[in-house]
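See structure below.
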Amino acid sequence: MKTNTITNVILTGGIGSRLWPLSRKSLPKQYLDLFDGESLFEKTVTRNQSFATKTIVVGNIENHKMTDTIMAKFNTTFTHIVEAVPRNTAAAIAFAAFASKPEDILLISPSDHIIEDGVYYNTALEKAIELANQDYLVTFGIKPTKPETGYGYIEFENENVIAFHEKPNFKTATTYLKKGNYFWNSGLFCFKSGKFLEELEKQEPEVYKASKKVWESNKNGFLDYDLSMEIPSISIDYAVMERSKDIKVVPAHFAWSDLGSFESVYDYLVQRSYPMDANKNIVIGTLMHTTFIGVKNCILVYTADALMVLQKENSQEVKQVYQQLESIASPLL
């Protein structure tokens, strides 16, 4: 294996709207100490320490102080890129690439995922780094365990990507599960910095040029608002991964969840013997005695200023509640 610098690029700009009211703009889910007394952000840094020789955190003006507080625990230097306004993942990753040397291997890690089975994770990283050194853009595919409608899918054959598919309806997701050659799209990536920028410039030249202009005007990692607004907002999937000819997928045999809904949080907690009643109802956020009558698989979420009760299977609808509150500029966000 070549001795390129391996940089863990941690993306921490998300809000986690489907975990409202726990996750807020003032305290997004990646900073919540819900998971074994640690935040998902902290777990992400720890998980990649044995591989990464450098760390770049791409966040935003609203959360950068929370990042600094957590990074101080590690007593290590890191590059902090602070976006003035979110412009989606293609631009966020471009900033990290511009801050790196062309041959540096970038391991792109969302800050709000839970990943376990460290041996399998390390094996997948080693394979991804090997492919990245061959100038491939690498994504990690998760073997589906159920017909999930909240994830995008990767259709594959061996290490080759046949196609990317948008979040499906339940019937289509069930078909994907039966066929067996579809992975969940994990949002984890690995590639050379220079290769990514080359592909971005080819596929989305406006994103490339505008992001480069913003990066070149940065002040100690802080990015300019007005220039940032000129960057088209597009994800890395749309901008590059779905259009490049040089894509490989590494099957991930480690336990993974993006904890993107209360259903996935429920599953995670229940697997760790979290208390539930006889009808599999749980309470999050309070020790207050709570009784459920006549309902099953429900989650009660309690915070100081909001209370939500939902059927586990309807977890994706929480985002609609968030959007309704956003439309009226509610202080509950």
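- Between Y153 and W184 the shortest side-chain heavy-atom distance falls below 4.5 Å.
- T53 contributes a side-chain N or O that, together with a main-chain N or O of I6, makes up a donor-acceptor pair within less than 3.5 Å.
- The side chain to side chain donor-acceptor pair (under 3.5 Å) test applied to T67 returns Y31, not counting sequence neighbours.
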*Apply salt bridge (Lys or Arg N to Asp or Glu O under 4.0 Å) to the pair E204 and R243, showing each step before the final yes or no.*
CA-CA 10 Å; E204 287 287 341; R243 294 153 74 181; 2.7 Å; yes
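- Counting only heavy atoms from C-beta outward, the side chains of F254 and N122 never approach each other to under 4.5 Å.
- For F262, there are no ring pair (Phe, Tyr, Trp, His ring centres under 6.0 Å) partners two or more places apart in sequence or in a different chain.
- Legend: ring-ring contact (aromatic ring centres under 6.0 Å, His included) pairs involving residues 43-65, not counting sequence neighbours, sorted by first then second residue: H64-F222.
- With rounding to the nearest 0.5 Å, the separation of CD in Q134 from CG in D246 is 11.5 Å.
- Residues satisfying the salt bridge (Lys or Arg N to Asp or Glu O under 4.0 Å) criterion with K312, sequence neighbours excluded, are D267.
- Under a 3.5 Å cut-off, the side chain of S111 and the backbone N or O of L11 do form a donor-acceptor pair.
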Check residues 81-102 and write down every donor-acceptor pair under 3.5 Å in which the side-chain atom is one partner and the other belongs to a residue at least two apart or another chain.
residue	atom	partner	partner atom	Å
R87	NE	S228	O	3.4
R87	NE	I231	O	3.0
R87	NH2	I231	O	2.8
T89	OG1	I236	N	2.8
S100	OG	A96	O	2.7

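- Under the side chain to side chain donor-acceptor pair (under 3.5 Å) criterion, Y121 pairs with N48, sequence neighbours left out.
- Hydrophobic cluster membership is shared by I234 and V214, with clusters built from Ile, Leu, Val, Met, Phe, Trp and Tyr side chains linked at under 4.5 angstrom.
- By the salt bridge (Lys or Arg N to Asp or Glu O under 4.0 Å) test, D224 pairs with no residue at all, sequence neighbours left out.
- Salt-bridge check for E216 with K213: failed, with every basic side-chain N at 4.0 Å or more from each acidic carboxylate O.
- The closest donor-acceptor contact from the side chain of S186 to the backbone of F140 lies under 3.5 Å.
- Applying the ring pair (Phe, Tyr, Trp, His ring centres under 6.0 Å) test to Y268 and every residue at least two apart in sequence or in another chain returns F35.
- Atom OG of S315 is separated from atom CD1 of I299 by 4.5 Å, given to the nearest 0.5 angstrom.
- Using a cutoff of 4.0 Å between basic side-chain nitrogens and carboxylate oxygens, K146 and E263 are scored as salt-bridged.
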*side-chain contact (heavy atoms from CB on, under 4.5 Å) evaluation trace for R24 with D305*: CA-CA 12 Å; R24 311 286 182 103; D305 59 357; 2.6 Å; yes
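- Side chains of N279 and V295 form no contact here, defined as non-hydrogen atoms less than 4.5 Å apart.
- Between W20 and I15 the shortest side-chain heavy-atom distance does not fall below 4.5 Å.
- Without hydrogens or angle criteria, Q30 side chain to G14 main chain gives a donor-acceptor distance under 3.5 Å.
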*Show the numbers, then the answer: is there a side-chain contact (heavy atoms from CB on, under 4.5 Å) between V301 and L310?*
CA-CA 8 Å; V301 184; L310 68 150; 4.2 Å; yes
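- Among pairs with a residue in residues 269-308, none fulfils ring-ring contact (aromatic ring centres under 6.0 Å, His included), at least two apart in sequence or across chains.
- Contact of the P144 side chain with the Y176 side chain is not registered, since no non-hydrogen atoms from C-beta on lie closer than 4.5 Å.
- A single hydrophobic cluster is not seen to contain both L131 and V249; linkage of ILVMFWY side chains at heavy-atom distances under 4.5 Å, directly or through other members, places them apart.
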*Does the side-chain contact (heavy atoms from CB on, under 4.5 Å) test come out yes or no for F164 and I154, once each step is laid out?*
CA-CA 5 Å; F164 288 84; I154 302 168; 3.8 Å; yes
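- Taking NZ of K65 as the start and NE2 of H80 as the end, the distance is 12.0 Å to the nearest 0.5 Å.
- Residues passing the side chain to side chain donor-acceptor pair (under 3.5 Å) test with S244 are E199, sequence neighbours excluded.
- A salt bridge is defined here as a Lys NZ or Arg NE, NH1 or NH2 lying under 4.0 Å from an Asp or Glu carboxylate O, and K179 with E155 fails to meet this definition.
- Closest of all the heavy-atom pairs between N169 and T149 is C-CG2, 3.7 Å.
- Using modelled atom types, one side-chain atom of N63 and one backbone atom of N60 make a donor-acceptor pair closer than 3.5 Å.
- Distance OH/Y136 to CG/N160: 7.5 Å, rounded to 0.5 Å.
- Checked by atom type and distance alone, the side chain of N218 pairs as donor or acceptor with a backbone atom of W215 at under 3.5 Å.
- When atom types are taken as modelled, the side chain of N281 and the backbone of C298 share a donor-acceptor pair closer than 3.5 angstrom.
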Expected list for residues 323-333: side-chain donor-acceptor pairs under 3.5 angstrom, two or more places apart:
residue	atom	partner	partner atom	Å
S327	OG	Q324	O	2.6
S330	OG	L332	N	3.0

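- Here the OG-NZ distance, from S261 to K319, works out to 12.0 Å after rounding to the nearest 0.5 Å.
- Side-chain N/O atoms of S109 and N8 include a donor and acceptor closer than 3.5 Å.
- Salt-bridge formation is detected for the pair D112/K29: a Lys NZ or Arg NE/NH1/NH2 atom is positioned less than 4.0 Å from an Asp or Glu carboxylate oxygen.
- L188 and L106 fall into different hydrophobic clusters, where Ile, Leu, Val, Met, Phe, Trp and Tyr side chains are chained together by heavy-atom contacts under 4.5 Å.
- Proximity of a side-chain donor or acceptor of T174 to a complementary backbone N or O of P147 within less than 3.5 Å is not detected.
- By the 4.5 Å heavy-atom criterion applied to side chains, F41 and V57 are counted as neighbours.
- Distance check, rounded to the nearest 0.5 Å: OH of Y182 to NE2 of H165 gives 4.5 Å.
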_CA sep, side-chain torsions, deciding dist, call: Y151, W256, ring-ring contact (aromatic ring centres under 6.0 Å, His included)_ = CA-CA 12 Å; Y151 300 148; W256 170 90; 5.2 Å; yes
*Start with the C-alpha gap between E157 and N181, add the side-chain angles, then the distance that decides, and say whether side-chain contact (heavy atoms from CB on, under 4.5 Å) holds.*
CA-CA 7 Å; E157 182 179 355; N181 67 321; 6.0 Å; no
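- Without hydrogens or angle criteria, T145 side chain to K143 main chain gives no donor-acceptor distance under 3.5 Å.
- For E166, the side chain to side chain donor-acceptor pair (under 3.5 Å) partners two or more places apart in sequence, or in a different chain, are Y238.
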